[in-house]
Amino acid sequence: MPEKNKDLNCKANNYAAKISIIYAVVSAVWILVSDMLTTTLFAKKGLFTVFSVIKGWLFVLITASLLYFLIRKKIYSLYLSENKLQNALEELQKTNAELSKTQEKLVVQYKKLAKNQEKIKELAYFDQLTNLPNRNHFMLVLEKAIKEAHFKGQQLALIYIDIDNFSKINNTLGHETGDVVLKEIAQRLKEAVGNNGFVARLTGDEFGIIIYNFLDFNVLNYFIYKIFNSFSMSWEIMEYDFYITPSMGVAIYPSDGQDSVSLLKNADKALKLAKEKGKNTFCFYNVEMDNILQQRLEFESDLRKAIEKDQFVLYYQPIVNLEKMQLCGAEALIRWIHPQKGMIPPMSFIPIAEQTGLISQIGQWVLTKAIWDLKSIREVTNHNFYVSFNASLREFSSANFVDNVLYTIEALKADPTSLGIEITESVAMADPQNTIKSINTFKEKGIKVFLDDFGTGYSSLNYLKQLPIDVVKIDRSFIANMSTDIKEQRIAKSLIDLSHILDLKVVAEGIEDSQQAEILKSFDCDFGQGYLFGKPLPKDQFIELAKRF
């Protein structure tokens, strides 16, 4: 009850007490005075009786009135109190109802919060596409597994998996197909490992596997080959049938790392070496890898500096018309002149340039340099002289390769018919449809297209006859022993005849003596290239050589 109401009740009670006391005093005085007056004034018995009756009724009337006043006051006070209690009760009921509604809302909010917390947990620790644990979850499990292995004196293996050339699936078949493939990969990995390990998706096409407490390396190898076997089966997805291969790096606890970060780092190093070995294989981490990777990082750094500081030079090897023995073209071959290490051959840095993505910059430099050099070389050769340059797989499969080549030719005001692009069979067959499209675009501009290392690849005759190429270059391996090996002569002649049937010109590579040249000439081989005609030379020396033809 509020303090104000309490004060009012106290005052009312005090007032009623005072009235009661006054009434008692007045009543006593009234009785005494009235009795004395009655006895004095009314001597006669009859008048005394009548007056006494009147006095009694008057006392009763006054008493009743006073009692009525007091009782009415109390009843009214009780009435007010009852109303206040009723109002308070209604307010309490209303508040209780509101509390009930609030409680219901809180229950609903709590349920939503619990669901959201589960969703947040799922987003934080699970991959939404494959439903596999994600990288965060993987690292937590790995740390826990390492602690348990340390406590029990056991060893465990971390297998880092990368899907080879997965980007081709996304680029050619679309990301929807790629997502379906990733789901299938996740399922196959889980089935391969079973309850013996833990599988997670670490990034886009990278997966991590923990193999718990393997007794010896035979057991670990069993799981590794089981994983490989799960990929060996053909993949029939969304009406497509294709093959997928993995590369894997393996690190062992405790020998290859004492904590989750170092173990994963070393498994990644092993994976990179597996990639460099040609993919579709696996490597165990060892300490020597650190030295190898350190050298690799230094080499990459030097290669970037070579691009920035223009440490490359172009050499040119002559291509000769065998029938007329005239110089008709040259192949541009890049060389790297390292300030400390001297000349570094292309086979040493081109693969690394492809892996690091630097090949596009190097290829652009080669094209630009060849066009500029061609202007000087043509001054001492005939107007049909051309220069060909090599395009790697990564360059040729790039979406903007064709546009870049055509833009450079136009920007430098070069004659497209004086240029040739050399691709290998492996480059051509990587994506036959796009290869055909790109070659046709080049041919429309008059650019020659060469198929290099012909006979060493794996292209089918069906695809070969569809390629709109101009020239095939027979690999030097079919020429080297031609002078003494009849079988090699027959093979070379068959390749030449097959090319002519397909209306293609032929360049024989690796010609080192006149006997080889005469044999090839008898086979109607169109052109020759090799040390017999000249080694690869810098521009100025090549121009001097060209003057002598």
Side-chain angles (χ1 to χ4, degrees), residues 316-333 347 382 384-391 393 396 420-430 432 435-436 439-440 442-443 447-536 545 549:
Y316 297 91
Q317 185 171 26
I319 298 175
V320 175
N321 184 312
L322 291 178
E323 182 180 358
K324 300 178 181 179
M325 292 304 290
Q326 292 179 348
L327 182 66
C328 59
E331 179 182 359
L333 300 167
M347 66 182 66
N382 63 70
N384 291 323
F385 183 89
Y386 65 88
V387 168
S388 64
F389 61 94
N390 293 277
L393 174 59
F396 200 82
I421 297 176
E422 297 194 14
I423 59 174
T424 63
E425 289 185 64
S426 59
V427 172
M429 293 300 105
T435 298
I436 292 172
I439 293 176
N440 280 326
F442 286 132
K443 286 179 67 67
I447 300 171
K448 301 176 181 65
V449 180
F450 295 71
L451 187 64
D452 199 9
D453 300 335
F454 181 58
T456 62
Y458 50 85
S459 59
S460 67
L461 184 61
N462 183 48
Y463 273 126
L464 183 61
K465 70 180 182 181
Q466 295 180 41
L467 291 176
I469 54 178
D470 299 287
V471 183
V472 294
K473 299 184 75 173
I474 299 177
D475 187 72
R476 65 185 64 249
S477 62
F478 298 106
I479 309 299
N481 300 314
M482 179 180 291
S483 301
T484 57
D485 192 334
I486 299 298
K487 290 183 179 179
E488 197 165 274
Q489 290 182 22
R490 291 172 180 171
I491 293 173
K493 188 176 188 310
S494 297
L495 292 175
I496 294 169
D497 292 341
L498 174 61
S499 300
H500 287 161
I501 290 172
L502 297 173
D503 292 327
L504 302 174
K505 298 294 184 181
V506 181
V507 176
E509 294 184 290
I511 302 175
E512 297 186 356
D513 58 54
S514 57
Q515 188 176 359
Q516 292 173 338
E518 288 300 322
I519 293 173
L520 289 166
K521 186 177 179 180
S522 68
F523 293 160
D524 294 327
C525 182
D526 303 288
F527 308 102
Q529 180 180 351
Y531 283 7
L532 174 64
F533 311 112
K535 297 180 179 180
L545 175 67
F549 266 91

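If you read the sequence from its start, that first residue is 1, and numbering goes on from there. The figures here come from the full heavy-atom set of this structure, side chains too, leaving out hydrogens, waters and symmetry mates.
- For the atom pair CG of Asn321 and CZ of Phe533, the computed distance is 10.0 Å after rounding to the nearest 0.5 Å.
- Phe450 pairs by the ring pair (Phe, Tyr, Trp, His ring centres under 6.0 Å) definition with Tyr386, not counting sequence neighbours.
- Remark: Phe396 engages Phe401 in a ring pair (Phe, Tyr, Trp, His ring centres under 6.0 Å) (not counting sequence neighbours).
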Side-chain donor-acceptor distances from residues 324-332 under 3.5 Å, at least two apart:
unit_1: Glu331; atom_1: OE1; unit_2: Lys473; atom_2: NZ; d: 3.1
unit_1: Glu331; atom_1: OE1; unit_2: Gln529; atom_2: NE2; d: 2.8
unit_1: Glu331; atom_1: OE2; unit_2: Asn390; atom_2: ND2; d: 3.0

> side chain to side chain contact (heavy atoms under 4.5 Å, CB included) between Glu509 and Phe478: does it pass, once the steps are laid out?
Replying inline: CA-CA 9 Å; Glu509 294 184 290; Phe478 298 106; over 6 Å; no
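- Of the residues Val471, Thr424, Leu495, the one that meets the side-chain contact (heavy atoms from CB on, under 4.5 Å) test with Phe454 is Leu495.
- A distance of 12.5 Å separates CD1 of Ile474 from CZ of Phe527, quoted to the nearest 0.5 Å.
- For Lys448, there are no salt bridge (Lys or Arg N to Asp or Glu O under 4.0 Å) partners, not counting sequence neighbours.
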Can you give each donor-acceptor pair under 3.5 Å made by side-chain atoms of residues 515-526, sequence neighbours left out, with the distance rounded to 0.1 Å?
unit_1: Gln516; atom_1: OE1; unit_2: Glu512; atom_2: N; d: 2.8
unit_1: Gln516; atom_1: OE1; unit_2: Asp513; atom_2: N; d: 3.4
unit_1: Gln516; atom_1: NE2; unit_2: Ile479; atom_2: O; d: 3.2
unit_1: Gln516; atom_1: NE2; unit_2: Ala480; atom_2: O; d: 3.1
unit_1: Ser522; atom_1: OG; unit_2: Ile519; atom_2: O; d: 2.4
unit_1: Asp526; atom_1: OD2; unit_2: His500; atom_2: NE2; d: 3.0
unit_1: Asp526; atom_1: OD2; unit_2: Val506; atom_2: N; d: 2.8

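- With sequence neighbours excluded, the residues that form a side chain to side chain contact (heavy atoms under 4.5 Å, CB included) with Ala492 are Met482.
- Sorted by first and then second residue, the side chain to side chain donor-acceptor pair (under 3.5 Å) pairs with a member in residues 483-492 form an empty list; sequence neighbours excluded.
- Listed by chain and residue number, Ile436, Pro468 satisfy the side chain to side chain contact (heavy atoms under 4.5 Å, CB included) test with Asn440 (two or more places apart in sequence, or in another chain).
- Partners of Ser477 under the side chain to side chain contact (heavy atoms under 4.5 Å, CB included) rule, at least two apart in sequence or in another chain, are Thr456, Asp475.
- Rounding to the nearest 0.5 angstrom, the gap separating the CG atom in Leu333 from the NZ atom in Lys535 is 14.0 Å.
- Residues forming a side chain to side chain contact (heavy atoms under 4.5 Å, CB included) with Leu504 (at least two apart in sequence, or on another chain): Ile469, Val472, Ser499, Leu502.
- Every salt bridge (Lys or Arg N to Asp or Glu O under 4.0 Å) that Asp470 has, sequence neighbours left out, goes to Lys443.
- Residue Ile447 comes nearest to Gly420 through the heavy atom pair CG2-CA, 4.3 Å, listed as atom of the first residue, atom of the second, then distance.
- Taking both residues in full, the closest heavy atoms of Ala428 and Thr435 are given as O-OG1, 3.0 Å, listed atom of the first, atom of the second, then distance.
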